[in-house]
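The block underneath contains the structure these notes are about, expressed in structure tokens.
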Amino acid sequence: MMEYRINKRTKDKISMLGFGTSYIAQAGEKDAVEAIRRAYEGGVNYYDLATAESRTFPYFCTALGDVRKSVMYQVHFGANYETGAYGWTTDGETIRRSIDWQLSQLKTDYIDYGFIHCLDEMSDWEEYCRNGAFDYLMQMKNEGVVKHIGLSSHTPAAIRRVLDEAPVDMLMFSINPGYDYQKGDYANGTVDERAAVYRRCEAEGIGISVMKPFSGGQLLDASISPFGKALTVYQCLQYALDRPGVLTVLPGMNSAAQVEQLLQFFEASGEERDYSVIGSFKPADAVGKCVYCNHCRPCPVGIDIGTVNKFYDLARNGDTMAAGHYYELKLRADACISCAHCNNRCPFGVDQSGRMREIADYFRTQDEWKCNN
């Protein structure tokens with residue numbers, strides 16, 4: 001059964017599995033409409049519309065027109081379909097024409113999330129502002145046509161810049177073990193820079209929708225995987241969903257059969273979702289860093305070690321809500337008995353016993369500071 005997460009800024013309840021449209025143009029209209037509708041019937045309520053071909057826009061009107069108010073569209077201000085195929089632009093007037101056309105094809109008069117589209121360089125953002133594209137997006141927001149503002153990017157440095165300067169409620173970012181471990185065409189940023197994006201989004205309530213969870217299919221095929229080993233669809237989905245800030249993953253789909261397979265993720269066992277195998281091909285700068293995979297389970301005492309680590313990392317990043325969530329845990333770091341069972345199981349070489357002491361000391365110090373102030 002579908003599970004949902006809440007965007008802290010917008011309060012939208014978003015399905016953890018969304019619908020990516022990178023491959024929907026490969027299907028005929030009948031099959032595409034069937035796939036989109038099956039996704040909706042399975043609980044999917046979030047749809048990305050940076051599609052490869054212009055002909056796919058009417059499919060969504062046909063499939064979801066009668067339930068438009070029950071779904072959310074992620075529409076990109078910068079995706080241009082004047083030639084019939086996807087194109088990219090930062091020109092304000094071109095974007096205006098494209099958005100008018102997309103709204104007419106979708107037969108809708110509003111956009112749930114209007115995205116600053118695919119800015120990977122600092123110069124892209126500067127052009128976007130200089131050419132009137134950002135002003136147009138904000139005009140649409142002020143007029144109520146766009147409900148919320150989003151940003152799509154593959155580059156942590158560009159993301160930081162735009163988040164500093166624009167009122168972004170949702171980030172679309174490419175997340176998979178390959179990119180996080182600096183392998184693949186869009187593996188931009190270091191391990192720490194990418195982790196900082198996740199933690200900032202979580203701390204500031206900016207939701208993340210995930211593109212390229214399978215690295216264009218490379219991670220699913222051992223013969224082309226940058227690691228020389230294949231991961232499964234469910235391992236990749238779970239990995240992305242475990243990153244702080246992530247609300248939904250948007251794999252590309254083009255058939256009802258693919259939708260069915262992806263929906264089965266929510267019925268999969270913990271073993272089927274366990275992605276700790278990635279610890280065998282981690283880069284040097286990832287050694288000793290918890291990725292919250294919970295492969296260290298079970299803790300003899302019952303501590304949820306991955307969650308404790310996540311709340312600690314977020315709290316240190318300034319997320320006061322994460323600190324509150326930590327205190328609500330039934331068992332916290334100070335319950336650790338230093339048996340080192342978790343150390344022996346961690347595929348990332350984390351001294352979890354030592355980290356539990358570090359975490360307990362951190363929150364103890366915070367408590368003492370609050371009492372004295």
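Bear in mind that the values here come from a model prediction, so they are computed numbers and not experimental data.
- Side chain of Ser225 to backbone of Lys229: a donor-acceptor contact under 3.5 angstrom is found.
- Taking the charged nitrogens against the carboxylate oxygens, Arg355 and Asp313 do have a contact shorter than 4.0 Å, which makes a salt bridge.
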Please step through salt bridge (charged side-chain N to carboxylate O under 4.0 Å, His left out) for the pair Arg96 and Glu93, ending with a clear verdict. CA-CA 5 Å; Arg96 186 187 299 271; Glu93 285 304 314; 3.6 Å; yes
Full working for salt bridge (charged side-chain N to carboxylate O under 4.0 Å, His left out) between Arg161 and Glu165: CA-CA 7 Å; Arg161 170 82 178 273; Glu165 299 179 6; 2.7 Å; yes
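- Tyr46 has its ring centre less than 6.0 Å from the ring centre of Tyr113.
- Contacts of Tyr239 classified as ring pair (Phe, Tyr, Trp, His ring centres under 6.0 Å), with partners at least two apart in sequence or in another chain: Tyr275.
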Quick one: do His76 and Asp48 satisfy side-chain hydrogen bond (donor to acceptor under 3.5 Å, both in side chains)? Show the steps, please. CA-CA 9 Å; His76 295 255; Asp48 178 65; 2.6 Å; yes
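- Each of Arg9, Lys310, Arg243, Lys8 was checked for a salt bridge (Lys or Arg N to Asp or Glu O under 4.0 Å) with Glu202, and the lone residue meeting it is Lys8.
- Looking only at side-chain heavy atoms (C-beta outward), Thr21 and Phe60 come within less than 4.5 Å of each other.
- Between the OH atom in Tyr128 and the CG atom in Leu151 there is a gap of 9.0 Å [rounded to 0.5 Å].
- Here the shortest heavy-atom pairing between Cys201 and Leu163 reads SG-CD1, 4.5 Å.
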For Lys141 and His148: C-alpha separation, side-chain torsions, deciding distance, then whether side-chain hydrogen bond (donor to acceptor under 3.5 Å, both in side chains) applies. CA-CA 7 Å; Lys141 173 70 163 59; His148 311 295; 5.7 Å; no
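- One N or O on the side chain of Asn131 and one on the backbone of Glu127 form a donor-acceptor pair closer than 3.5 Å.
- The number of heavy-atom neighbours closer than 6.0 Å to OH of Tyr23, taken from other residues, nucleotides and ligands shown, is 12 or below.
- In terms of modelled atom types and a separation under 3.5 Å, the side chain of Asn7 and the main chain of Asp169 share a donor-acceptor contact.
- At least one side-chain heavy atom of Leu263 sits under 4.5 Å from a side-chain heavy atom of Arg38.
- Side chains of Asp192 and Thr190: no donor on one and acceptor on the other come within 3.5 Å.
- At a threshold of 4.5 Å between non-hydrogen side-chain atoms, the residues Leu103 and Ile111 count as touching.
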In sequence, state the C-alpha distance, the side-chain angles, and the governing distance for Tyr81 and Glu53, and then conclude on side-chain hydrogen bond (donor to acceptor under 3.5 Å, both in side chains). CA-CA 7 Å; Tyr81 295 93; Glu53 302 284 346; over 6 Å; no
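- Within a 6.0 Å sphere centred on CE of Met2, heavy atoms belonging to other residues, nucleotides or ligands number more than 12.
- Sorted by first and then second residue, the side chain to side chain donor-acceptor pair (under 3.5 Å) pairs involving residues 332-348 (not counting sequence neighbours) are Ser338-Arg357, Asn343-Asp351.
- Under the 4.5 Å side-chain criterion, counting only non-hydrogen atoms from C-beta, Arg194 is in contact with Asp180.
- Within a 6.0 Å radius of CZ in Arg316, other residues, nucleotides and ligands contribute 12 heavy atoms or fewer.
- Of all the heavy atoms in Cys342 and Cys296, the pair that sits closest is CB-CB, 3.7 Å.
- Side chain of Gln235 to backbone of Glu272: no donor-acceptor contact under 3.5 angstrom is found.
- A continuous path of Ile, Leu, Val, Met, Phe, Trp and Tyr side chains, each step under 4.5 Å between heavy atoms, connects Val162 with Ile95, placing both in one hydrophobic cluster.
- In terms of heavy atoms, Phe227 sits closest to Pro177 at CZ-O, 3.8 Å.
- Remark: Lys212 is positioned above the aromatic ring of Tyr186, its terminal NZ or CZ atom under 6.0 angstrom from the ring centre and at most 45 degrees off the axis.
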Start with the C-alpha gap between Phe134 and His117, add the side-chain angles, then the distance that decides, and say whether ring-ring contact (aromatic ring centres under 6.0 Å, His included) holds. CA-CA 10 Å; Phe134 183 61; His117 179 60; over 10 Å; no
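- Clustering ILVMFWY residues whenever any of their side-chain heavy atoms sit less than 4.5 angstrom apart, transitively, puts Ile337 in the very cluster that holds Ile359.
- A tilted orientation is assigned to the rings of Phe311 and His325, their planes being inclined by 30° to 60°.
- Within the 4.5 Å cutoff, no side-chain heavy atoms of Thr248 are placed close to those of Ile208.
- Using a 4.5 Å heavy-atom threshold, the side chains of Asn188 and Pro156 count as touching.
- Using modelled atom types, no side-chain atom of Thr94 and backbone atom of Thr90 make a donor-acceptor pair closer than 3.5 Å.
- Using cut-offs of 30° and 60° for the angle between ring planes, the Phe363 and Tyr327 rings count as perpendicular.
- A donor-acceptor pair is defined here as one N or O able to donate and one able to accept, closer than 3.5 Å; such a pair exists between the side chain of Thr365 and the backbone of Asp361.
- Side chain of Trp125 to backbone of Ala158: no donor-acceptor contact under 3.5 angstrom is found.
- For the pair Asn309 (side chain) and Ile305 (backbone), a donor-acceptor distance under 3.5 Å is present.
- Transitive grouping of hydrophobic side chains (ILVMFWY, heavy atoms separated by less than 4.5 Å) keeps Tyr292 and Ile278 in distinct clusters.
- Taking the six-membered ring for Trp and the full ring otherwise, the centers of Tyr40 and Tyr47 sit at least 6.0 Å from each other.
- Using a cutoff of 4.0 Å between basic side-chain nitrogens and carboxylate oxygens, Arg37 and Asp66 are scored as salt-bridged.
- We find that Glu204 and Arg200 are joined by a salt bridge, their nearest charged nitrogen and carboxylate oxygen being less than 4.0 Å apart.
- Using a 4.0 Å cut-off between charged side-chain N and carboxylate O, Arg68 and Asp112 make a salt bridge.
- Salt bridge present: Arg297 and Asp304 bring a charged side-chain N and a carboxylate O closer than 4.0 Å.
- Between Asp12 and Lys147 there is no salt bridge, since no side-chain nitrogen of the basic residue lies less than 4.0 Å from a carboxylate oxygen of the acidic one.
- Proximity of Thr51 to Ile24: side-chain heavy atoms (C-beta onward) are separated by under 4.5 Å at one or more points.
- For the pair Leu262/Met253, a side-chain contact is recorded, criterion being any heavy-atom separation below 4.5 Å from C-beta on.
- Under the 4.5 Å side-chain contact rule for hydrophobic residues, Leu119 and Phe77 share a cluster.
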Passes side-chain hydrogen bond (donor to acceptor under 3.5 Å, both in side chains), Asp91 versus Thr89? Steps please. CA-CA 6 Å; Asp91 179 70; Thr89 182; 5.2 Å; no
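- Annotation for Cys236 and Phe214: closest pair CB-CD2, 3.6 Å, computed over non-hydrogen atoms.
- The backbone N or O of Ser15 sits less than 3.5 Å from a side-chain atom of Asn45, completing a donor-acceptor pair.
- Val233 and Val259 fall within a single hydrophobic cluster, where Ile, Leu, Val, Met, Phe, Trp and Tyr side chains are chained together by heavy-atom contacts under 4.5 Å.
- The shortest non-hydrogen separation linking Ala166 to Ile116 is CB-CD1, 4.3 Å.
- With Asp319 contributing its side chain and Ala315 its backbone, the two residues share no donor-acceptor pair below 3.5 Å.
- When every heavy atom of Asn80 is checked against every heavy atom of Ser98, the shortest pair comes out as CA-OG, 3.9 Å.
- One side chain, Glu143 or Gln139, offers a donor N or O that lies under 3.5 Å from an acceptor on the other.
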